[in-house]
Peer 1: 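Structure in structure tokens, see below.
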Amino acid sequence: LATATLQSLDRDRSYVAVFHPKQYVPEDIDVNATAGGNVELQTGPYVHFSQYYLKALPWRGHSFTGWTSESNSTADLSGVNDLNATLTVSGPAKFTANFQENQYKLTVTSNKGGTATPASVGTHLYSAQIPVQAALGTGYEFSHWSGDTATLTDSFAASTDANMSVKAGDVSLQANFSPITYAVEANATANGSVSLANGPYEHFGVYSISATPQAGYVFTGWQGNTNSIQSLLDSSAASTHLVVTGPASLTATFSLGSFTLSVSAGTGGSVQGGGTFRSDETPSISATPATGYKFSHWSVDVETLNDIAAGSTTVDMAKLGRNVQLTANFALKTHAVTASVSGAGEVNGTQSFSHTFVHFSQASLLAKPAAGWSFDQWSWSGSANLANPTLSAASFAVTGTASLTAKFAKNSYKLSLGQVANGDANGSGSFLFDSNITIAATPHDGYAFSNWSGDVDTLSDINSSVA
């Protein structure tokens with residue numbers, strides 16, 4: 001309440017009461033902050049009913065949780081949860097901005113080859129330093145951490161700390177492992193070679209390894225220390241696999257080989273030779289054809305032979321470096337059969353027959369005489385053997401070259417001259433085919449020759465008494 005005293009009123013006077021909003025000094029509006037942030041109030045003086053901004057400024061890794069007021073003045077704020085609040089002044093007031101430290105998730109995983117802790121996802125304060133550790137599996141070594149590695153004290157150390165304040169957010173880390181690599185070597189003694197799959201050679205890795213002997217030699221085994229030999233899946237095999245669990249050094253050994261030579265015969269003959277021989281030997285083999293057969297060639301492992309086409313040859317046992325198999329092959333002999341004619345006729349439709357027959361086959365010949373001729377008999381030389389040479393159809397088993405002749409003879413025909421009254425006819429008899437015969441007719445006294453009758457088509461002149 002504002003009061004004033006009027007002294008010595010001596011005439012009419014008029015007064016006006018003037019009011020202004022209250023003003024408050026900065027100390028009247030008190031603002032504070034809890035740990036985790038700062039507060040900012042617009043500069044005064046502060047006039048009653050006027051508005052001023054009031055800001056809560058959280059530190060990194062912290063969050064604003066709201067305004068409180070010891071003077072119960074929160075109604076003067078635009079909102080108790082407004083980070084940037086508006087203050088409408090209604091009198092002296094006291095405000096506190098409240099903050100809290102954030103919490104973030106830490107997720108730690110691992111790849112193949114080991115484990116990592118902490119194994120479960122955890123929530124940690126912004127200011128926390130969390131130990132993380134990578135544990136090695138058998139055959140692996142720690143390589144590095146990946147993910148939010150900036151949070152780590154040392155991203156290449158298996159045991160280190162994750163500083164949650166570096167990211168101020170959820171952190172994800174992965175422990176990475178790599179297989180341990182070892183020195184692996186493979187060598188060979190004389191008379192062979194060895195091949196090993198390329199490295200690097202990692203723990204538990206499986207790599208092919210094989211030993212190859214030179215021609216004539218055989219693989220005899222692997223040499224090395226116990227661990228090296230045990231790393232082979234099959235230590236007795238020339239070609240196998242190596243399972244790496246540590247350093248390994250292996251040597252393939254070889255020696256002169258002994259191999260089996262198997263010799264067999266196909267149809268039509270027999271063989272000699274075969275057995276077990278050292279690779280530096282050259283045993284002889286031979287093929288003997290049976291009757292009617294001839295040696296043709298060798299088959300199967302013919303690259304070992306000195307001469308594939310020879311019935312008797314030698315075998316190079318070192319050529320293949322393994323057991324050798326050979327087969328003698330035989331073929332039936334072939335023979336020429338010819339037939340000619342003596343006289344007039346044909347053999348199997350030709351006057352000069354020629355054909356090649358395989359041994360043991362049947363040759364069939366048919367002699368056919370020309371007109372006016374008859375088959376007489378067969379003659380031959382060579383392997384032909386006819387049971388009845390007088391038969392025009394001949395057949396025999398071919399066992400060699402044969403030459404035959406079909407002999408034909410002219411037919412003999414009877415010429416008959418009939419006697420009639422009043423004259424005589426001369427010249428009848430038996431004559432060979434294709435003969436020219438003279439016949440004569442002599443008339444009796446008082447008669448004259450007239451003509452011939454009968455088979456007159458063969459006569460040169462049927463009206464001539466001499467024909």
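Heavy atoms only: backbone and side chains are in, while hydrogens, waters and symmetry mates are out.
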Peer 1: Do S143 and N176 get their side chains close enough for a donor-acceptor pair, meaning under 3.5 Å?
Peer 2: no

Peer 1: Centroid-to-centroid, H203 to Y140, below 6.0 Å?
Peer 2: no

Peer 1: Flag this pair as yes if the NZ/CZ of K22 is under 6.0 angstrom from the six-membered ring centre of Y24 and inside a 45 degree cone about the axis; otherwise no.
Peer 2: no

Peer 1: N38 vs E40, test: side-chain hydrogen bond (donor to acceptor under 3.5 Å, both in side chains). Steps then yes/no.
Peer 2: CA-CA 7 Å; N38 298 315; E40 181 181 325; over 6 Å; no

Peer 1: Can you label the angle between the Y201 ring and the Y207 ring as parallel, tilted or perpendicular, going by 30° and 60°?
Peer 2: perpendicular

Peer 1: So, using side chain to side chain contact (heavy atoms under 4.5 Å, CB included) as the criterion, who are the partners of T34 when residues are at least two apart?
Peer 2: T96, N98, F99

Peer 1: Under a 3.5 Å threshold, yes or no: a donor from one side chain and an acceptor from the other, between S63 and Q100?
Peer 2: no

Peer 1: Applying side chain to side chain contact (heavy atoms under 4.5 Å, CB included) to E202 and I180, what does each step give before you reach the verdict?
Peer 2: CA-CA 6 Å; E202 299 178 344; I180 300 173; over 6 Å; no

Peer 1: Nearest 0.5 Å, please: how far is OG1 in T338 from CG in L365?
Peer 2: 9.5 Å

Peer 1: Between K319 and E303, is a salt bridge (charged side-chain N to carboxylate O under 4.0 Å, His left out) present by the stated rule, with each step listed?
Peer 2: CA-CA 8 Å; K319 188 72 174 180; E303 57 267 46; over 6 Å; no

Peer 1: Give a yes-or-no answer on whether the side chains of S69 and S71 include a donor-acceptor pair shorter than 3.5 Å.
Peer 2: yes

Peer 1: What verdict does the side chain to side chain contact (heavy atoms under 4.5 Å, CB included) test give for W145 and T160, after you've listed the backbone C-alpha separation in whole Å, the side-chain angles of each residue and the deciding distance to 0.1 Å?
Peer 2: CA-CA 10 Å; W145 294 95; T160 186; 3.8 Å; yes

Peer 1: Distance-only criterion, 3.5 Å: show the donor-acceptor pairs between side-chain atoms of residues 112-138 and protein atoms not counting sequence neighbours.
Peer 2:
| residue | atom | partner | partner atom | Å |
| --- | --- | --- | --- | --- |
| Y126 | OH | R60 | NH1 | 3.4 |
| S127 | OG | E101 | OE2 | 2.5 |

Peer 1: Could you tell me if T253 and T189 have a donor-acceptor pair between their side chains, going purely by distance under 3.5 Å?
Peer 2: no

Peer 1: Do Q51 and T88 have side-chain atoms, one donor and one acceptor, less than 3.5 Å apart?
Peer 2: yes

Peer 1: Is the closest side-chain heavy-atom distance between W298 and I285 below 4.5 Å?
Peer 2: yes

Peer 1: Can you give the donor-acceptor pairs under 3.5 Å from side chains of residues 75-84 to other protein atoms, not counting sequence neighbours?
Peer 2:
| residue | atom | partner | partner atom | Å |
| --- | --- | --- | --- | --- |
| D76 | OD1 | S90 | OG | 3.1 |
| D76 | OD2 | S90 | OG | 2.7 |
| S78 | OG | D82 | OD2 | 2.9 |
| S78 | OG | T86 | N | 2.9 |
| D82 | OD2 | G79 | N | 3.4 |

Peer 1: Specify the closest pair of heavy atoms between W222 and L250, including all atoms of both residues, with the distance to one decimal.
Peer 2: CE3-CB, 4.1 Å

